[in-house]
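Encoded as structure tokens, the structure appears first; notes follow it.
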Amino acid sequence: MIRSAITISLVPEAHGGPFVFCDDLKHGCARAAALGFDAVEIFPPAADALNVKELRALLQRHRLRLAAIGTGAGWVKHRLSLTSADPAIRARARDFIAGLVDLAAVFDAPAIIGSMQGRVEGDVTRRQARQWFAAELAALGARAGALGVSLLYEPLNRYETNLFNRAGEAAAFLRRRKISGVKLLCDLFHMNIEEKSIPATLRAVGRQVGHVHFADTNRRAVGFGHLEGAAIVQALRDIRYEGYLSAEVLPLPDAEAAARQTIRAFRQLVTAG
Ligand code: LER
Ligand code: MN
């Protein structure tokens, strides 16, 4: 079954980013539940910023699942990256993500590596960056696998990274390097910029799709841009995708309107489709 999720950021430095609800976990969960979402995706400042007992109680009270946890605060707040030329920064990035992998696993959810992948720059060659990245993904994927969850790797558009921009090349990289425990996060906003065809790419990546960021072409709620949502949902059905469509979108015109439009689009495309 394809399920709905919506993002909640708890990182003040990420204001202006593609998160529907900001700064208030209780409010975000309450609104997500009231609007009928199945789950929330949380973007926390760090693993120790979330209290497991409180989060469990909050999710139970609202009958919500945790769809995923983002790790991008490591980049946004501390400029950590898994492909930094500095081994100390790579080590801190690894620890930061490992803490969030462990935390997410308590809720049977995956952690996401997006911005923390870094980029190829300075004296570091592409070959070297990809080698470091493969080793980090393999170790973190094994850690997640031992806890019974997967790790999500998200290719980003060319303005955010130059490591991998397209889902097909990222999927091939994981297969070639025999990296297990890692699935792809396909963000429809990035795919709209980078892919020739989003449905064809989803079909080609197939079982390696582990999570979807559900955003329109302008990164607003689906339906507020010109995304061809029906063809995308059909492709997801064809590959027997069983995960979330998680709204990582700009809170425009405001958070409530973006959330309402998202659940309306989800019902039109998935529930009624
Ligand atoms: C993270 O999920 C993402 O999509 C990046 O573009 C960070 O904004
Ligand atoms: Mn994303």
Side-chain angles (χ1 to χ4, degrees), residues 4-22 28 39-46 66-83 93 96-97 100-101 104 109-119 133 137 140 150-167 170-171 182-195 198 201-202 205 208-222 224-225 227 229 232 236 241 243-252 255 258 262 266:
S4 59
I6 192 151
T7 45
I8 304 174
S9 167
L10 304 175
V11 179
E13 293 88 341
H15 280 177
F19 303 102
V20 177
F21 295 113
C22 295
V40 291
E41 177 177 321
I42 302 177
F43 189 74
L66 182 65
I69 287 213
T71 65
W75 167 251
V76 173
K77 287 176 77 83
H78 310 292
R79 290 293 181 256
L80 304 179
S81 126
L82 292 173
T83 53
F96 188 91
I97 296 167
L100 287 166
V101 166
I112 300 167
I113 296 182
S115 315
M116 291 290 275
Q117 69 195 271
R119 51 168 44 245
F133 190 52
L137 278 184
L140 289 163
S150 38
L151 177 72
L152 297 171
Y153 169 45
E154 177 177 16
L156 305 175
N157 74 68
R158 67 191 68 183
Y159 306 107
E160 298 186 35
T161 188
N162 56 5
L163 205 53
F164 291 101
N165 302 124
R166 287 185 304 278
V182 181
K183 291 198 161 195
L184 286 186
L185 195 176
C186 292
D187 182 323
L188 302 179
F189 167 74
H190 298 306
M191 293 182 89
N192 176 63
I193 296 171
E194 300 295 346
E195 309 289 355
I198 297 178
T201 301
L202 291 170
V205 173
Q208 284 177 276
V209 179
H211 194 71
V212 173
H213 276 161
F214 189 53
D216 214 312
T217 47
N218 47 11
R219 219 172 203 182
R220 292 177 62 168
V222 170
F224 283 164
L227 190 79
I232 290 168
L236 290 170
Y241 176 67
Y244 290 98
L245 293 184
S246 184
E248 188 189 63
V249 301
L250 298 165
L252 295 173
T262 293
F266 181 87

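Just so you know, these numbers use all the heavy atoms, side chains as well, and skip hydrogens, waters and symmetry mates. One-based numbering, in listed order, for ligands and for the atoms of each.
- Close contacts between ligand 1 and Glu248 involve ligand atoms 1 (C), 2 (O), 3 (C), 4 (O) [criterion: under 4.0 Å to a heavy atom].
- Side-chain contact between Val20 and Thr262: absent, with no pair of heavy atoms (C-beta onward) separated by less than 4.5 Å.
- Counting heavy atoms under 4.0 Å from ligand 1, residue Leu156 touches it through the side chain alone.
- Of all N, O or S atoms in Asp187, the one lying closest to the Mn ion (ligand 2) is OD2.
- Near His213, with a cut-off below 4.0 Å to any heavy atom, the atoms of ligand 1 are 2 (O).
- Within ligand 1, counting atoms from 1 as listed, the ones closer than 4.0 Å to a heavy atom of Asp187 are 4 (O).
- Residue His190 does not count as close to the Mn ion (ligand 2), with no N, O or S atom under 2.8 Å.
- None of Ile232, Val249, Thr217 except one satisfies the side chain to side chain contact (heavy atoms under 4.5 Å, CB included) rule with Leu188; the exception is Ile232.
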- request: Check the pair Glu194, Thr201 against side chain to side chain contact (heavy atoms under 4.5 Å, CB included), reporting the backbone distance first and the verdict last.
  value: CA-CA 11 Å; Glu194 300 295 346; Thr201 301; over 6 Å; no
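- Considering just the N/O/S atoms of His213, the one nearest the Mn ion (ligand 2) carries the name ND1.
- Residue Arg219 places a heavy atom less than 4.0 Å from ligand 1.
- In this model, a donor atom of one side chain and an acceptor atom of the other lie less than 3.5 Å apart for His213 and Glu41.
- Residue-ligand proximity, His190 to ligand 1, at heavy-atom distances under 4.0 Å covers atoms 3 (C), 4 (O), 5 (C), 6 (O).
- No other N/O/S atom of Glu248 lies as close to the Mn ion (ligand 2) as OE1 does.
- The atom of Glu154 that is an N, O or S and sits closest to the Mn ion (ligand 2) is OE2.
- Shortest contact from atom 7 (C) of ligand 1 to any protein heavy atom: Glu160 OE1, 3.6 Å.
- Under the 4.0 Å criterion applied to side-chain N and carboxylate O atoms, Glu160 and Arg119 are not assigned as salt-bridge partners.
- A 4.5 Å side-chain heavy-atom check between Val76 and Ser115 finds every atom pair outside the cut-off.
- Below 30°, between 30° and 60°, or above 60°: for Phe164 and Phe133 the angle between ring planes is between 30° and 60°, a tilted geometry.
- Rounding to the nearest 0.5 Å gives a distance of 5.5 Å between CG of Leu82 and CE of Met116.
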